[in-house]
**Student:** 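The structure is given below, and queries will be raised subsequently.
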There are 2 protein chains.
Amino acid sequence: MENCYWPILNHADEPPWLLPPTSAADDRAASASRSHSEAEKRRRDRINAQLSTLRKLIPKSEKMDKAALLGHVVDHVKEQRQRAKEVSKSSSMPSENDEVVVDQIQDGSEQIKASICCDDRPELFAEIGSALKSLEATIVEADITSLGGRIRANFVISAASSSAASHIKMALTRLLISSGSGYGVRSKRQRFFYPTPR
Amino acid sequence: MENCYWPILNHADEPPWLLPPTSAADDRAASASRSHSEAEKRRRDRINAQLSTLRKLIPKSEKMDKAALLGHVVDHVKEQRQRAKEVSKSSSMPSENDEVVVDQIQDGSEQIKASICCDDRPELFAEIGSALKSLEATIVEADITSLGGRIRANFVISAASSSAASHIKMALTRLLISSGSGYGVRSKRQRFFYPTPR
DNA sequence: AACGACACGTGATTC
DNA sequence: TGAATCACGTGTCGT
């Protein structure tokens, strides 16, 4: 800034006697200014390096300005969050509470999502199968996870009847009741899944 | 920049007659400079806005400088990528090929991961259960998914014996063979999971 | 010319 | 005090 006292046409290749007198204070100031701008450049480089690795991680992010890139990064993070949440929802660990959830995926769709969580027992799969068969429902997809004597089963079911959802819910609820409501008297027959030790 | 011809002590509150003469060219230049700096500020604001929303998404990112924040963002994205990859590995859809995979989670650990992929049939679970019971192995965790008459079952098994892993692999392989190698003659008994229509 | 995006150097602030 | 971070205005390049 002090150099602004001299005209801007003052190029570095001009004769030295045209340059301003140099004091010790000027030297210190110049040195400080230089290290300052160098440090600032290092900072910019660090930021831009991270920006560039982000560009490699995000698809189609070449040819995007910084703001757009960061915008897509936030979208990407939010999408991944949502995915993870839905995965842990649809294929979750069995909980402590018995429950049956049935709902139409879309209105007019014959796809139905059904879920049951209850104590494990060896006949359960067969019972569910025969129940759904009597309802003329087809199991398109099944995902069953068991832990500690409890079991959670998620189904994607295809059914022609429009009232199938409520029938399925009734049938599964009946299975759940016949499982849990033994006045504490459970079947003595061997479970397929054993309780986890410790 | 042209203003640099005047001393920097030229404050705004000084008498106007000390100010440089104003030409139409100067006016245009000043206006351009102003809109330029305003546009640049808008750009900075867009970038910083995204940075700020990223800060809300990343935990513990308050009090982090921009470079550190972006660094943690890349880590976060990579971690989520890895998580998603491992989830789709551990709980995968059944494949076309029969297979049995068994391996110790760690040396000296009694935790064993076992996986079987084959055609679905109603007695399969019971067979696996009795096979593992005869090996004194305990099913700690089970995850079974079925699609299109095929089934994939992933287990986490706890077994005391050090040779349990190979025994488990033999037992599961035997089940797989008794399932597929019927010279095309499959059990006529009703499957629990039906093949998906169309 | 005019606008948008970038890098640069600098003043201000904080520790 | 120096070191580190930020916002700002400006120079520059490409469209």
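To find a chain, count down the sequence lines: A is the first, B the second, and so on, and within it residues start at 1. Because the structure is a prediction, the values reported are computed rather than measured.
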**Student:** Quick check on DNA chain C: between B:R43 and B:R28, whose nearest nucleotide comes earlier from the 5' end?
**Tutor:**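 Nearest nucleotide further toward 5': that of B:R28.
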**Student:** For residues 58-82 of chain B, which residue pairs qualify under salt bridge (charged side-chain N to carboxylate O under 4.0 Å, His left out), counting only residues two or more places apart or in two chains?
**Tutor:**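 Checked against salt bridge (charged side-chain N to carboxylate O under 4.0 Å, His left out) - neighbours excluded - the pairs reaching residues 58-82 of chain B are A:R46-B:D65.
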**Student:** Once hydrogens and angles are ignored, does a donor-acceptor distance under 3.5 Å link the base of D:dC8 to the side chain of B:E40?
**Tutor:** no
**Student:** Could you tell me the separation between the CG atom of B:N48 and the C1' atom of D:dC8, rounded to a whole number of Å?
**Tutor:**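 Computing the B:N48:CG to D:dC8:C1' distance gives 12 Å.
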**Student:** Count I, L, V, M, F, W, Y as connected when their side-chain heavy atoms are under 4.5 Å apart, and connections chain through other members. Are A:I128 and A:M170 then in the same cluster?
**Tutor:** no
**Student:** Give the rounded distance in Å between these two atoms: CG of A:D45 and P of D:dA4.
**Tutor:** 14 Å
**Student:** Go nucleotide by nucleotide along DNA chain C from the 5' end; which of B:I47 and B:S35 gets its closest nucleotide reached first?
**Tutor:**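 Its nucleotide being nearer the 5' end, the pick is B:S35.
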**Student:** With the side chain of B:K66 defined as its heavy atoms from C-beta on, choose the nearest nucleotide among C:dT10, D:dT10, D:dA7.
**Tutor:** D:dA7
**Student:** Can you tell me the distance, in whole Å, between the CZ atom of A:R34 and the C1' atom of D:dA3?
**Tutor:**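 The answer, rounded to whole Å, is 16 Å.
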**Student:** Has the side chain of B:H36 got a donor or acceptor atom sitting under 3.5 Å from an opposite partner on the base of D:dG11?
**Tutor:** yes
**Student:** Can a side-chain donor-acceptor contact be found between B:S115 and B:N154 if the only test is distance below 3.5 angstrom?
**Tutor:** yes
**Student:** Can you measure A:K63 atom NZ to C:dA5 atom C1' for me and round it to whole angstrom units?
**Tutor:** 12 Å
**Student:** Would you mind telling me which residue lines up with the more 5' stretch of DNA chain D, B:M64 or B:R44, judged by nearest nucleotide?
**Tutor:** B:M64
**Student:** Nearest whole angstrom, please: distance from the C1' of C:dG9 to the CD of A:E38.
**Tutor:**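 Checked: the CD to C1' distance equals 12 Å.
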**Student:** Mind checking B:R42 for me? I need base, sugar-phosphate or nothing, with any heavy atom below 4.0 Å counting as a touch.
**Tutor:** nothing
**Student:** Would you call A:C117 and A:D98 a side-chain contact if the rule is heavy atoms closer than 4.5 Å?
**Tutor:** no
**Student:** Which is more 5' along DNA chain D, the nucleotide nearest B:K41 or the one nearest B:D65? Just name the residue.
**Tutor:** B:D65
**Student:** With a cut-off of less than 4.0 Å, is there a side-chain N or O of A:R46 near OP1 or OP2 of D:dT5?
**Tutor:** yes
**Student:** Do B:V101 and B:I112 share a hydrophobic cluster (ILVMFWY, side-chain heavy atoms under 4.5 Å, transitive)?
**Tutor:** no
